[in-house]
There are 2 protein chains.
Amino acid sequence: MASGRTRTIRASVWLNDRPAPKRRAEHSGPGGGAEQSAGLDHDRIVAATVRLLDAEGLTKFSMRRLAAELGVTAMSVYWYVDTKDDLLEFAVDAAAAELEVPEEGTDADWRDQLRLLAVTNRDMLVRHPWVSRLIGEYLNIGPHAMAFATAAQRVAISSGLPMEQIPGVLALVYQFVYGYGTIEGRFAARCREAGLTQDEYFSEVMATVNERPEFEESKRLMDSRPSTDIEAMRARDFEVALDCAIAGIEVLRDRARRESGQDAGR
Amino acid sequence: MASGRTRTIRASVWLNDRPAPKRRAEHSGPGGGAEQSAGLDHDRIVAATVRLLDAEGLTKFSMRRLAAELGVTAMSVYWYVDTKDDLLEFAVDAAAAELEVPEEGTDADWRDQLRLLAVTNRDMLVRHPWVSRLIGEYLNIGPHAMAFATAAQRVAISSGLPMEQIPGVLALVYQFVYGYGTIEGRFAARCREAGLTQDEYFSEVMATVNERPEFEESKRLMDSRPSTDIEAMRARDFEVALDCAIAGIEVLRDRARRESGQDAGR
DNA sequence: ACCTGAACACCGTTCAAGT
DNA sequence: ACCTGAACACCGTTCAAGT
C-alpha cells in the first residue's frame, strides 16, 4: 500500500532527514557590512517572517507577501524552505529563543523559578500572538522550545514532587500559561486592529453586552470587579492562578512524603 | 476619521444588530418528514459545517466545499450567513451545546462538579479538534459557551473562595483544560490523517527522536515513564493536574478564611 | 547555485442576474 | 425570497527555464 521503502512520517521540520536549515549562508569573510546584501539566506528569511507575523498577523501572512518584503520573487523563498509549514515551524522556534531559562546550576527557590518561567512564557506569547495558534499545529520540538521544556522539567523536579506526578503538574502550569497568553495576545491584537486601547475595546464590548437581556446572569457574576485597567486586572488574575498551582504542588508533595514516610515506618 | 455614525465594533456574531441567525426556516406545518427537503436553513448549514469540520478538519473546510456538501452552489450559503467567520462562530457554539452543565440547584460537592465540568470540556475538545483553534480567534460568547462559563463560575464560588480570587482560579482550571484538550485533539487528528493509532504514531516519533543526539537531555527526563498506552497516561496526568488545582483552591480558601477570621477577632 | 515566470488548482466574497 | 454564474483579487506549490 505504502511505498516500498520504510519511511518515517514527516511530523516536524525538526525530524527531517536534514533537520538543520536547507542551506546556511557561509560568508566568505567577516568584513564588509552585509546590511543590504541582496542574497537571501535561511536566517534572513525566518527573521523577516517573524517581523511580518508580528506586524500583520498570521492571517495576512503569505509566501508572496514575504517574498515582496524580501524584495524577491515569490518562488525564491522555496530554495531555502520546503513549505510554508516548515517556515512557520522555524518561526515558532525563533520566538521560543526569546524565552529566558534559568542557568542549570542555580539554587534559587523552585517557586521563584517556576514563576519566572511562567512570566517569560506569557510575555512571549503576548508579544507574538501568532505563536499560540501555531503551537497547537505542530509538534513544537525545536531546540529552543526543548530547552525551555527541559528547564521547566528541572524546576518541577526540584520541588520535591514524586516523578509520576511531574507531567500532570507541568501540564497544569504550562497549559494554563499557554491558554492565558493566547487569550491576552489575541485580545491585544484585536484592539490594535480596531485602533483602540484594551480598556476602550473592553468597555465597547461591555456596552453592547449590557444592552442584551440574554447576558443577565453572566453579568451579575462578572459585575463584581472593577472594569478599569484591564491589564492590571489580568496581571493579578495570573498571579492568583500561579499561587494556586504552587500551593497545590506543595500539598501533593507533602501528601506523597507522608505516604512514603508511612511505608518506611512499617 | 471614522464614519459619521457612531458604530460599535463588530467583535462577534453574537453582538450583531440581529444576533439571531439571519433567517430561520419556519416550516409551514409539522407534517411531511423534511428529511431531504431541498431548502437550506441556518441550522442545516451549521450542522453540515460541524460534520465537515469533524470529518476533514479546519484546514480543508471551505465555503465551496460546504456548498458542495449541501448540494448547492457556493454562494447560496451567503444568503443565510454573512461571512465564513460568522459561520465558524456559530459552529463553535453548536459544539459548546454538547457540554454537560450541572443543573443549578444541585448540592453535589464542588470538587466533583469541577471535575465533571473539566472532563466534559476536555472530551468535547477532543471530539472536535477544530474548536480549540477557533476559540482563540473569537470572543466566544455564544449562548451555550456562556451557560458553561456561568456554571463554572457558580461552582468556583461554591468552593468558598473569596470573590477576588475566582477569576484567577477559573483561568487556571479552564485554560489548563483548554490547552490540554487542544494538544490531545490535535494529536489524535494527526494520527487519523497518518492512518496510525496514537501509540503507533508516538513510537514512530520516538524512534526518530532517539536517533538524534540533540535530544539527549530531554530524553533522560522523559524516559522514566512507560510509553505504552498513551491515552491512559494522559488520563492519569489530567487527573493529577485537577487534583493539584483543587488542592491549591482549598489552600487559598483556608488562607483567606484565617485572615478574615483574624480581622473579625480584632 | 540561485532566482524567475507562467501555470494549476484552489480560496472568500461581490455583484448583477435570474426565477 | 431564494439561488446562480461570472468575476476579482487573492492563495501554496510545481515545473521548466533562465543566468
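Chain letters run A, B, ... following the sequence lines, proteins first, then strands; residues in each count from 1. Excluded from the calculations below are hydrogen atoms, water molecules and symmetry mates; all remaining heavy atoms, backbone and side chain alike, are included. Fair warning: this is a prediction, and the values are worked out from it, not measured in the lab.
- Residues B:Tyr178 and B:Asn121 have side chains that never bring a donor and an acceptor to within less than 3.5 angstrom of each other.
- A:Ala188 is linked by a side-chain contact (heavy atoms from CB on, under 4.5 Å) to A:Arg192, A:Gln198, counting only residues two or more places apart in sequence or in another chain.
- The nearest whole Å value for the distance from the CG atom in A:Asp41 to the P atom in C:dC2 is 10 Å.
- Residues B:Phe187 and B:Tyr201 place their aromatic rings such that the two centres sit under 6.0 Å apart.
- The A:Thr73 side chain lies nearest to C:dG5 when the options are D:dC3, C:dG5, D:dT13.
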Taking only N/O atoms, report every protein-nucleotides 8-11 of chain D pair under 3.5 Å with atom names and distance.
{"unit_1": "D:dC11", "atom_1": "OP1", "unit_2": "A:Ser62", "atom_2": "OG", "d": "3.2"}

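- For B:Trp79 and D:dC3, the shortest distance from a side-chain N or O to OP1 or OP2 is not below 4.0 Å.
- For the OP1/OP2 pair of D:dC3 and a distance below 4.0 Å, the side-chain nitrogens and oxygens of B:Tyr80 include at least one atom meeting the criterion.
- Note: CG (A:Asp85) to C1' (D:dT13) measures 12 Å, nearest angstrom.
- Side-chain contact check for B:Arg122 and B:Tyr180: no donor-acceptor pair (N or O, by modelled atom type) lies under 3.5 Å.
- Stem regions for DNA chain D, each three or more consecutive Watson-Crick or G-U pairs with both distances under 3.5 Å and listed by first number, read C:4-8 with D:12-16, C:12-16 with D:4-8.
- Screening B:Arg234, B:Arg190, B:Arg127 against B:Glu184 for a salt bridge (Lys or Arg N to Asp or Glu O under 4.0 Å) leaves a single residue, B:Arg234.
- For the pair A:Asp82 CG and D:dG12 P, the interatomic distance rounds to 15 Å; values are reported in whole Å.
- Comparing atom distances between the A:Met75 side chain and each of C:dC3, C:dG12, C:dA6 picks out C:dA6 as nearest.
- Evaluation of the salt bridge (Lys or Arg N to Asp or Glu O under 4.0 Å) test over residues 130-146 of chain B, restricted to residues two or more places apart or in two chains, returns A:Arg133-B:Glu137, A:Glu137-B:Arg133, A:Arg186-B:Glu137.
- In this view, B:Arg51 and B:Ala48, B:Glu69 satisfy the side-chain contact (heavy atoms from CB on, under 4.5 Å) rule, not counting sequence neighbours.
- The distance between the ring centers of B:Trp14 and B:Phe90 falls below 6.0 angstrom.
- C:dT13 atom C1' lies 15 Å from atom CG of B:Leu66, rounded to whole Å.
- C:dA9 and D:dA9 have their P atoms separated by 22 Å, with the value rounded to a whole Å.
- Rounding to whole angstrom units, CG of residue B:Leu58 and P of C:dG12 are separated by 11 Å.
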Table please: side-chain donor-acceptor pairs of residues 141-148 of chain A below 3.5 Å, with sequence neighbours left out.
{"unit_1": "A:His144", "atom_1": "ND1", "unit_2": "A:Asp93", "atom_2": "OD2", "d": "2.9"}

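- Set against C:dG5, D:dC3, C:dC3, the side chain of A:Ser76 has C:dC3 as its closest nucleotide.
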